[in-house]
Amino acid sequence: MSGAERNSQGTDGAGDDTPPFRYTAGIAGDIERDWQRRWEELGSYHAANPVGPLRGQDAASEKLFVQDMFPYPSGSGLHVGHPLGFIGSDVYARYHRMLGRNVLHTMGFDAFGLPAEQYAVQTGTHPRTTTENNIERYLTQIRRLGLGHDERRRVATTDIEFYKWTQWIFLRIFHAWYDTEADQGRGRARPISELEAEFASGERATPDGTPWDELGRDRQREIIDSYRLAYLSEAPVNWCPGLGTVVANEEVTADGLSERGNFPVFRRNLKQWMMRITAYADRLVDDLDRLEWPDKVKTMQRNWIGRSQGAEVRFALEGRDETIEVFTTRPDTLFGATYMVLAPEHPLVDEILAAPEKFGEWPAGTDPRWTGGYSNPAEAVAEYRRFAATKSELDRQENKDKTGVFTGLRAVNPVNGELVPVFAADYVLLAYGTGAIMAVPAQDQRDWEFASEFGLPIVRTVDPPADFEGEAYTGDGPAINSASEATGLSLNGLSVEDAKTKVVSWMEQHGHGSGSVQYKLRDWLFARQRYWGEPFPIVYDEDGNPRGLPEDQLPVELPEVAEYSPRTYDSEDADSQPEPPLSKASDWAEVELDLGDGLKHYHRDTNVMPQWAGSCWYQLRYIDPDNDERFVDPENERYWMGPRPDRHGANDPGGLDLYVGGVEHAVLHLLYARFWQKVLYDLGHVSAEEPYRRLYNQGYIQAYAFTDSRGVYVPAEEVVEQDGKYFYGGEEVNREYGKMGKSLKNSVSPEEMADAYGVDTLRLYEMSMGPLDASRPWATKDVVGSHRFLQRLWRNVIDERTGEVRVTDEEPDVELLRALHKTIAGVREDYDALQFNTAVAKLIELNNRVTKAYSGAVGPPRAVMEPMVLLVAPLTPHLAEELWSRLGNERSLVQGPFPVADEEYLVDDTVEYPIQFNGKVRSRITVSASAEQEEIRAAALADSRVVELLGGGEPRKVIVVPGRLVNVVG
RNA sequence: GCCCCCGUAGCCCAAUCGGCAGAGGCGGACGACUUAAAAUCGUCGUAGUGUCGGUUCGAGUCCGACCGGGGGCACCA
């Protein structure tokens, strides 16, 4: 029998002679059911709001808002890895509740999404039915874990009352624009009505200067629409025929496949809803500095937003009126720009193709490598563009050989008037910057490679160090070859930074360009052609103009449909068209409404919002789940999320106090949610500038999986280890490390563990197996260790044979008091820092000490066991409540008290110092804790072993580290 | 290719400001209880911190190079 198998029987497999009152899985289960029922009756986890239906006295206390990342209620059930973060946040929340804080901790469901819809397509079951069943099942599982959630605050994004407010927020965003001038140029969202008023009053000029009144209604609407933070755009989007929907940039993998389903994604021009998240790019980057988040996540967001400082430079074209504008981060290297490159899809390339006759022949003496073998530029460019279009993202990624073709055009380098050839090449991307670059081979490796391929000149303009052996040099150094008599500009001798400053101001003076900032971040594609999502609160009038519905017409409920699936296509069919399922519900989509200008016919928007919509604001609904007047009451919002400069510093942006979840949401959810929060803040609906003040990424519980010689997974719990090899049914199997999952046959459910040991044991084990933020392998056989600790703790309080309480009223001796108070101090510190594994170790240590001293007829002192029960309560709340109550306490310990360490017992009378001789421990001395350095030094030098080692000589040096050690250097 | 994190006992993990390498758990060995086993309880090992070099009175901790594992980014001008 393998260890895993034996231990998974847990303590229910105990024999008949098990003492009747031992803490076994059976007793644990009884206690857990009992206390969960009592907590529910008492409303123990109800958090009080300042106002509204959940108003309560406790709202006078200091608050703590703890949140777990919104789970998707999957139908497949939880394994032991899922609740790791949930338990961690629960322990933290319970600890603070015991300290007297008003703690808001609950959990709702991000319940829209593809799985329920796909199930509906297969079986005809309504997604709502599937979703609600899954939520019930999920709740059954997490309730058993004894998480202290406020059940009154549970929400699901699919609740009509919830998505009504998601639609309401969408309308706020739709009816807003970004005033880049506001707040000293930082920018702020403002209601669109204010923009219209500015145009109407003439305070703001219209795009072409025509007075507002003279513009037609349609033109006015067009201008206004172009400012909205949620807007319709006919722009290249990621069309995924295999899914039948468009997806966001963030949902496309680097290989150009959809994150969900792995289908090819194509860039297509389609009319779609977009969110102007780019307006917030600077604030989204800058405010990261105000957050207590892991650096890793901040870095990922910074990279994703991709802000880079540089300059835009205009190059005139020889013999033509057009100019080419480029973005560069290295304007200091302009003198080294020896050619230019356009993306193959650049508009100027379009012009060449549209009117080839104007672009003539190759200039005399054109290098044959530049022509691609074609007889004129237009032909070469057309062929090159065709070639570039056939390359998939994957090809581009794998094959970084530089290709390109000369366009026949030449541009004038503004700093020295020299003519440089213009190429089309696919190493330049249309989507970034201006879609064109100035190429500086000496200071850019990509340009170096292209220049080498095409025989273009390479001019160093930054002097590399003498020992530099590479090709392009991107480091700092004095500028060289950077002067022109023709323009009078010289950068020679300047550092990179100074040269940038000088050349930018020179360009600004001479009208060649200006400083500029570019971002990788693109606007957020906000529509999906699916069924199971929030409908848009938008209708189109007969001219096809979008109109936001008035608030009193919310919610726009999802209609019943015969077909839940959008039309999907062959995954390679790039030219197919999206057909959302809602478009088939014509009774719903075609409506007669009065939007203020009489009853008219409108057509509803038939897209739905992406799954991220609900999770952008759910923390606000947790605060005020039953409010039907507003999405959240401002007073409740201020209490739970408002900035607390007194606690968190003057720069505190506000937000909930602890957000626990996986690092996989580093960019998507966390960026979108920050964006919505900022819009709501700008519009005055919330007081916090950020949704999540502190973020903590829990690690993952992973597991070993085993495959046989055919590569088929075998049940992991039946695999036995022998001499470092693994066997299943006598055959050697191969071990893999990774995820836990049903298909890998290595899944362990929380129920199995709870049945075998009780839920408190499972909670304790998960918290003790390592730091919360570290990933580690699950080991069922180790769980018993946590269970044994709880048994010993129980046994110190309860007599296993009689069930009587064994504690005495005897005073503990001073040594035990010291141990107790050190444990109290240490455990508090560990709980504060979310270091639950070391807190558990300290508690086990103390308990082992008590066990050793009081395992006989005399029980341990109450004065030790009561605090110990309280200390362990956040980790194992059911067991702790039971012992607390059996110790004669009538009130539940959920609201405390929590032990306070007595300083008196934290210091020892004497300290033992190790004595090092030349860095190696050779002896020990014990001195009074109050001894001065001189005394310690003298005692150390008087030590017989030290005297011996010194051999009568004088020490060269003696280092005394108070409280630590003494090092004698001989 | 670039950036970030991590390598401590057979395994999971501790170790404060650079100060005695070990808190805790699993496994193992031995013992107690038992007719016996399981369960329970008790006692006890095991590494010199991935490798090499440096700084220091002193390095798991700081610095450099390399090796191994994990993650992020990847023609972003």
Side-chain angles (χ1 to χ4, degrees), chain A residues 3 6-7 9-11 13-15 17-19 22 24 254 294-297 299-300 303-304 306 308 310 326-330 333 341 396-397 399-402 425-429 431-440 443-447 449-450 518-520 663-664 666-667 721 724 737 764-765 768-771 773-786 788-789 791-792 795 800 826 829 835 837-845 847-848 851-852 855 912-921 924 955-961 963-970:
Chain A
R6 189 171 63 237
N7 286 310
Q9 295 177 350
T11 47
D17 53 351
T18 300
R22 173 166 291 175
T24 57
D295 286 337
K296 180 189 168 79
V297 176
T299 305
M300 283 165 74
N303 288 343
W304 186 261
S308 53
V326 302
F327 174 74
T328 176
T329 55
R330 294 295 303 276
T333 63
V341 184
R396 277 194 160 196
Q397 208 183 306
N399 188 354
K400 291 190 175 167
D401 288 346
K402 297 290 178 290
D426 69 354
Y427 81 94
V428 172
L429 311 172
Y432 187 74
T434 60
I437 61 158
M438 60 178 223
V440 188
Q443 275 88 226
D444 183 297
Q445 187 59 32
R446 296 156 300 180
D447 297 343
E449 286 160 17
F450 189 88
Q518 284 290 326
Y519 305 88
K520 280 201 285 181
V663 73
E664 71 271 18
V667 178
E721 191 201 332
Y737 180 60
L764 184 75
Y765 173 65
S768 67
M769 62 197 288
D773 57 0
S775 294
R776 51 254 144 100
W778 178 261
T780 294
K781 67 180 175 59
D782 291 3
V783 179
V784 69
S786 296
R788 284 183 193 142
F789 162 56
Q791 286 188 325
R792 289 194 298 271
R795 193 179 300 122
E800 288 188 330
E829 227 170 84
Q835 284 161 2
N837 54 326
T838 50
V840 173
K842 290 179 173 92
L843 288 164
I844 293 175
E845 196 180 0
N847 190 58
N848 285 350
T851 304
K852 193 179 269 184
S855 60
E912 190 187 62
Y913 281 85
I915 310 297
Q916 293 186 342
F917 191 81
N918 290 339
K920 298 226 186 304
V921 178
R924 283 161 200 286
R956 277 201 286 146
K957 200 171 178 184
V958 180
I959 294 130
V960 178
V961 185
R964 292 273 174 215
L965 53 52
V966 181
N967 189 9
V968 180
V969 185

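We name chains A, B, ... by the order of the sequence lines, and we start the count at 1 in each one. Remember, predicted model here, so these are calculated numbers, not experimental data.
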Atom [atom1], compared across [N] and [M]: separation rounded to whole Å:
N	M	atom1	result
B:A23	B:C12	C1'	14 Å
B:G7	B:C13	C1'	13 Å
B:G42	B:U51	P	36 Å
B:C44	B:C57	P	39 Å
B:A14	B:U8	C1'	10 Å
B:U16	B:C6	P	14 Å
B:G54	B:A15	P	29 Å
B:C4	B:U43	P	47 Å

Could you check whether [X] gets within reach of a base, just the sugar-phosphate, or nothing at all, counting any heavy atom under 4.0 Å?
X	answer
A:Val961	base
A:Thr299	nothing
A:Lys852	sugar-phosphate
A:Arg795	sugar-phosphate
A:Ser308	sugar-phosphate
A:Thr851	sugar-phosphate
A:Ile844	sugar-phosphate

Can [N] be described as syn, meaning its chi torsion is within 90° of 0, or is it anti?
N	result
B:G45	syn
B:G28	anti
B:C17	syn

- Query: How would you list, by chain and number, every residue that makes a side chain to side chain contact (heavy atoms under 4.5 Å, CB included) with A:Pro955, sequence neighbours excluded?
  - Reply: A:Leu941, A:Leu950, A:Val958, A:Val968
Take atom [atom1] of [X] and atom [atom2] of [N], then tell me their distance rounded to the nearest Å.
X	N	atom1	atom2	answer
A:Asp773	B:C13	CG	P	11 Å
A:Phe789	B:C12	CZ	P	23 Å
A:Arg776	B:G25	CZ	C1'	13 Å
A:Asp295	B:G72	CG	C1'	14 Å
A:Asp447	B:A77	CG	C1'	7 Å
A:Phe917	B:C20	CZ	P	19 Å
A:Lys296	B:G70	NZ	P	13 Å
A:Arg788	B:A39	CZ	P	7 Å

- Item | 5' priority, RNA chain B, between A:Gly770 and A:Phe327 [closest heavy atom] | A:Gly770
- For A:Val667 and A:Lys842, take the nucleotide of RNA chain B holding the closest heavy atom to each; which residue's nucleotide lies nearer the 5' end?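 The residue mapped nearer the 5' terminus is A:Lys842.
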Any strand: nucleotide that pairs with [N] via Watson-Crick or wobble, under 3.5 Å:
N	result
B:C57	B:G19
B:G7	B:C67
B:A38	none
B:C2	B:G72
B:C44	B:G28

Taking OP1 and OP2 of [N], is either one under 4.0 Å from a side-chain nitrogen or oxygen of [X]?
X	N	value
A:Thr838	B:A15	no
A:Asn837	B:G25	no
A:Arg792	B:C41	yes

Please report the shortest heavy-atom distance between [X] and [Y], naming the atom on each side.
X	Y	value
A:Tyr913	A:Val961	CE2-O, 3.6 Å
A:Ser768	A:Asn837	O-CB, 3.7 Å
A:Ser786	A:Tyr765	OG-CA, 3.3 Å
A:Ala439	A:Asp447	CA-OD2, 3.3 Å

Look at the side chain of [X] and decide which nucleotide, out of [options], has an atom nearest to it.
X	options	answer
A:Val428	B:A77, B:G25, B:G27	B:A77
A:Leu965	B:C12, B:G19, B:A23	B:G19
A:Arg22	B:G24, B:A39, B:G27	B:A39

Distances under 3.5 Å only, N/O to N/O: pair up the protein atoms with those of nucleotides 57-60 of chain B.
residue : atom : partner  : partner atom : Å
B:C57   : O2'  : A:Asn967 : ND2          : 3.4
B:C57   : O2   : A:Asn967 : ND2          : 2.3

- Is there side-chain contact between A:Arg795 and A:Arg22, with at least one heavy-atom pair below 4.5 Å? yes
- Task: Answer yes or no: is there a side-chain heavy-atom contact under 4.5 Å between A:Val663 and A:Val297?
- Result: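 Answer yes - side chains close enough.
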- Please walk me through it: do A:Val960 and A:Leu965 pass side-chain contact (heavy atoms from CB on, under 4.5 Å)? CA-CA 6 Å; A:Val960 178; A:Leu965 53 52; over 6 Å; no
- Query: Can you tell me how far the OG1 atom of A:Thr838 sits from the CD atom of A:Glu845, to the nearest 0.5 Å?
  - Reply: 11.5 Å
- Message: Check for me whether the distance between the ring centres of A:Tyr519 and A:Trp304 falls short of 6.0 Å.
- Response: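 No: the rings miss the under 6.0 Å criterion.
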- Can a cation-pi geometry be assigned to A:Lys402 and A:Phe450, taking NZ or CZ under 6.0 Å from the six-membered ring centre and within 45° of the ring axis? no
